[in-house]
Amino acid sequence: MKNIHATDGMSEDIIRSFVQLATLEMHMKTLLEKRVSELENGMLEETEIEQQIETITALETDLHAIADIRRGDMLYLYEMYGSVGDKEQWCSVKHLAIAMMTSFEAWQASKQDDYLLMTALKKNRYFIKALSTFLGVELTECAACFADILKINEEY
C-alpha cells in the first residue's frame, strides 16, 4: 500500500474522529435515557412536559445524525485501506473505542487513579488490535510509528 495518508495524520485523525463520535453517541444515549426517565416517572411540572418531548425528539434526531457520520468515517477509513481487512471487526472496533474513551474519562474524573489509567491503556491496546484487523494493516499506538510502518510498503 502506498503511504499517501498516514504521514499527514489523515488516518489518525479519522480514527480519532470516529472514536469521539462513538463516545458522543453514548453520552447522547445517556442524556436521552435521563430525559425519557424524567418524563415517564412524573418528575416534571405540567408546564415542562411539552418542552421535554421536544428535547427528546431533538436528541433522537441528533443521535441518528451523529451515528451516521461515525459510520461514514469508519467506512471511509476501511475503504481507504483497500477494504482488505476484516469488516466483521466493525462492532468490536466501535465498542472498544467507546470503552477506551470512557475509561480514559473515568481516569480524568479521578484524582489520577493509576488503576483507571492502566485500564484505559489496556483497553486502548485491544482497540488498536481490533482496528488493525479491521483495516488489514499493522497499527501501533504511536502515530509516527504507524506512518513509518506504512512507508515500508510505499512504492518508490
Side-chain angles (χ1 to χ4, degrees), residues 1-37 54-156:
M1 166 192 291
K2 187 171 177 143
N3 179 16
I4 59 173
H5 304 292
T7 54
D8 65 1
M10 184 176 167
S11 298
E12 183 180 12
D13 289 343
I14 293 169
I15 292 165
R16 290 186 189 283
S17 175
F18 83 71
V19 167
Q20 290 296 326
L21 288 172
T23 305
L24 176 59
E25 285 178 76
M26 293 306 296
H27 284 291
M28 293 176 78
K29 179 187 105 25
T30 300
L31 186 54
L32 186 58
E33 289 168 344
K34 173 187 175 280
R35 295 289 187 154
V36 168
S37 176
E54 289 175 14
T55 300
I56 290 169
T57 301
L59 276 168
E60 288 174 338
T61 300
D62 290 347
L63 180 57
H64 289 293
I66 294 298
D68 286 344
I69 295 167
R70 188 246 327 134
R71 289 181 193 112
D73 277 0
M74 289 179 71
L75 185 59
Y76 185 86
L77 186 67
Y78 180 77
E79 291 172 349
M80 201 167 96
Y81 285 90
S83 304
V84 298
D86 181 359
K87 206 169 187 180
E88 289 182 4
Q89 293 294 312
W90 182 286
C91 288
S92 294
V93 166
K94 178 184 70 170
H95 292 290
L96 285 164
I98 294 167
M100 169 196 51
M101 283 306 299
T102 305
S103 291
F104 181 71
E105 289 178 346
W107 173 75
Q108 286 180 316
S110 76
K111 295 183 184 214
Q112 299 183 331
D113 183 292
D114 288 339
Y115 171 79
L116 294 174
L117 179 58
M118 291 300 107
T119 300
L121 294 174
K122 285 177 187 176
K123 291 172 187 174
N124 183 68
R125 284 192 288 278
Y126 278 102
F127 169 71
I128 296 297
K129 181 180 177 183
L131 187 61
S132 297
T133 304
F134 174 66
L135 297 177
V137 296
E138 182 180 355
L139 296 182
T140 70
E141 295 179 39
C142 168
C145 295
F146 174 46
D148 200 43
I149 287 167
L150 292 178
K151 286 181 180 179
I152 293 170
N153 298 320
E154 189 174 281
E155 296 176 32
Y156 295 96

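When reading the values below, keep in mind they use all heavy atoms of this one structure, side chains included, and skip hydrogens, waters and symmetry mates.
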Give a yes or no on whether Glu54 atom CD has more than 12 heavy-atom contacts from other residues, nucleotides or ligands under 6.0 Å away.
yes
Evaluate the criterion side-chain contact (heavy atoms from CB on, under 4.5 Å) for residue pair Ile69 and Phe18; output intermediate values, then yes/no.
CA-CA 8 Å; Ile69 295 167; Phe18 83 71; over 6 Å; no
Start with the C-alpha gap between Leu24 and Met28, add the side-chain angles, then the distance that decides, and say whether side-chain contact (heavy atoms from CB on, under 4.5 Å) holds.
CA-CA 6 Å; Leu24 176 59; Met28 293 176 78; 3.8 Å; yes
So how far is it from [X] [atom1] to [Y] [atom2], rounded to the nearest 0.5 Å?
X	Y	atom1	atom2	value
Leu116	Phe104	CG	CZ	11.5 Å
Asn124	Thr119	CG	OG1	12.5 Å
Lys129	Gln89	NZ	CD	9.0 Å
Arg71	Trp90	CZ	CH2	8.0 Å
Arg70	Gln20	CZ	CD	13.5 Å
Leu77	Leu131	CG	CG	6.5 Å

If only atom types and distance count, is the side chain of Ser110 paired as donor or acceptor with the main-chain N or O of Trp107 below 3.5 Å?
yes
Is it true that a side-chain atom of Ser37 and a backbone atom of Glu33 form a donor plus acceptor pair closer than 3.5 Å?
no
Can you find a heavy atom in the side chain of [X] that is under 4.5 Å from one in the side chain of [Y]?
X	Y	value
Ile15	Phe127	yes
Glu105	His27	yes
Met101	Lys123	no
Ile14	Met74	no

Which is it for Lys122 and Met100 under the side-chain contact (heavy atoms from CB on, under 4.5 Å) test, yes or no, and what are the steps along the way?
CA-CA 8 Å; Lys122 285 177 187 176; Met100 169 196 51; over 6 Å; no
Distance alone, cut at 3.5 Å: any donor-acceptor contact between the side chains of [X] and [Y]?
X	Y	answer
Asp73	Ser17	yes
His64	Glu25	no
Tyr81	Ser11	yes

Evaluate Glu60 against Leu32 for side-chain contact (heavy atoms from CB on, under 4.5 Å), listing each step before the verdict.
CA-CA 7 Å; Glu60 288 174 338; Leu32 186 58; 3.8 Å; yes
Here the pair of heavy atoms bringing Ala97 nearest to Thr23 is O-OG1, 4.3 Å
Search all heavy atoms of Tyr76 against all heavy atoms of Met10 and return the closest pair with its distance.
OH-CE, 3.4 Å
